[in-house]
Amino acid sequence: TGVIFVTRESKDSRRAIREEISKLFKLGKSVAIFPEGTVNVLPLTGTFYPGSFEIAAEAGIPVVPIALDYADTGLYWQSDESLLSHFLNAFSRKNINCFIHFCEPIFANDPLLLLEQTKTAIDRKLVNYRADKSTIISEK
């Protein structure tokens, strides 16, 4: 699937990933990046790591923020849950309903501005989705 794995604790691994992403951009490829580097159970997005935003800003590549959430919070991967347990929980379900929203592309040559605008766009969509979801749930 073209997944590129990174060892977050390794500076060399992070550098190699940045180089690989730059190569892909030069080839005209799109890259899906999860800027939090993990999943979380926070009300909104967690801390975004700046590396990929630096690459996009340097290359003049737009960032398309994508807001993703599950209707059932039981699908959130908890830090005390093993990957196998989470996998079995998720894939034993008959249906998984999720919300996915592709925001407008963001262009900026300042990586921190790009990061903040991306985070804001995603958080805004998550707030709207969750408010709508709670209205729908309370009406049933």
Side-chain angles (χ1 to χ4, degrees):
T1 61
V3 175
I4 306 168
F5 292 99
V6 63
T7 304
R8 286 182 237 145
E9 309 80 45
S10 168
K11 195 173 191 173
D12 290 339
S13 177
R14 292 191 312 269
R15 185 177 320 117
I17 294 302
R18 288 176 58 115
E19 290 171 8
E20 184 64 25
I21 292 169
S22 292
K23 286 179 193 174
L24 290 169
F25 282 163
K26 287 175 185 169
L27 293 172
K29 304 280 184 177
S30 295
V31 178
I33 296 172
F34 298 87
E36 294 167 286
T38 189
V39 296
N40 73 63
V41 294
L42 300 171
L44 297 175
T45 55
T47 301
F48 279 18
Y49 292 91
S52 55
F53 295 98
E54 291 167 355
I55 297 166
E58 289 168 12
I61 303 289
V63 171
V64 179
I66 301 172
L68 167 69
D69 200 5
Y70 295 104
D72 178 359
T73 58
L75 283 162
Y76 293 176
W77 186 11
Q78 307 291 322
S79 61
D80 61 346
E81 180 182 25
S82 74
L83 177 59
L84 178 60
S85 174
H86 178 71
F87 176 86
L88 294 173
N89 172 31
F91 287 95
S92 67
R93 296 167 183 248
K94 185 176 179 180
N95 295 309
I96 296 176
N97 295 313
C98 68
F99 162 79
I100 301 174
H101 180 85
F102 291 80
C103 302
E104 291 296 318
I106 300 172
F107 293 86
N109 52 7
D110 177 344
L112 295 179
L113 178 64
L114 193 55
L115 181 153
E116 287 302 320
Q117 289 179 346
T118 299
K119 188 173 185 347
T120 298
I122 294 170
D123 286 346
R124 186 175 297 133
K125 286 298 174 184
L126 290 175
V127 167
N128 292 342
Y129 165 70
R130 291 171 182 168
D132 289 345
K133 183 173 77 168
S134 67
T135 301
I136 292 167
I137 291 169
S138 67
E139 291 175 358
K140 289 184 177 182

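Leu112 forms part of no hydrophobic cluster, judged by ILVMFWY side-chain heavy-atom separations under 4.5 Å. Under the 4.5 angstrom side-chain criterion for Ile, Leu, Val, Met, Phe, Trp and Tyr, the cluster partners of Phe91 are Leu84, Phe87, Leu88. The other residues sharing a hydrophobic cluster with Val127 are Leu44, Phe48, Phe53, Val63, Ile106, Leu114, Leu115, Ile122, Leu126, where clustering joins ILVMFWY side chains under 4.5 Å apart. Its side chain outside the 4.5 Å cluster rule for every partner, Tyr49 clusters with none of the Ile, Leu, Val, Met, Phe, Trp and Tyr residues.
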Show every donor-acceptor pair shorter than 3.5 Å between a side-chain atom in residues 20-33 and any protein atom, with sequence neighbours excluded, or say none if there are none.
| residue | atom | partner | partner atom | Å |
| --- | --- | --- | --- | --- |
| Ser22 | OG | Arg18 | O | 3.1 |

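Note that OG of Ser52 and CD1 of Ile61 are 12.5 Å apart. Values are rounded to the nearest 0.5 Å. Within the model, atoms CD1 of Ile4 and CD of Glu19 stand 11.5 Å from one another, a figure rounded to the nearest 0.5 Å.
Residues satisfying the side-chain hydrogen bond (donor to acceptor under 3.5 Å, both in side chains) criterion with Arg93, sequence neighbours excluded, are Asp72, Asn89. Judged as a side-chain hydrogen bond (donor to acceptor under 3.5 Å, both in side chains), and not counting sequence neighbours, the contacts of Glu36 are Asn40. Every residue two or more places apart in sequence or in another chain that forms a side-chain hydrogen bond (donor to acceptor under 3.5 Å, both in side chains) with Asp12 is listed here: Arg15. Every side-chain hydrogen bond (donor to acceptor under 3.5 Å, both in side chains) that Lys119 has, sequence neighbours left out, goes to Thr45, Asp123. Applying the ring pair (Phe, Tyr, Trp, His ring centres under 6.0 Å) criterion to Phe99, with sequence neighbours excluded, gives Tyr129. Residues satisfying the side chain to side chain contact (heavy atoms under 4.5 Å, CB included) test with Phe34, not counting sequence neighbours, are none. Remark: His86 pairs with Trp77 by the ring pair (Phe, Tyr, Trp, His ring centres under 6.0 Å) rule, at least two apart or across chains.
Pairing each heavy atom of Ala108 with each of Leu113, the nearest pair is CB-CD2, 4.3 Å.
Within 6.0 Å of CZ in Arg14 there are more than 12 heavy atoms belonging to other residues, nucleotides or ligands. Atom CZ of Phe107 has more than 12 heavy atoms from other residues, nucleotides or ligands within 6.0 Å.
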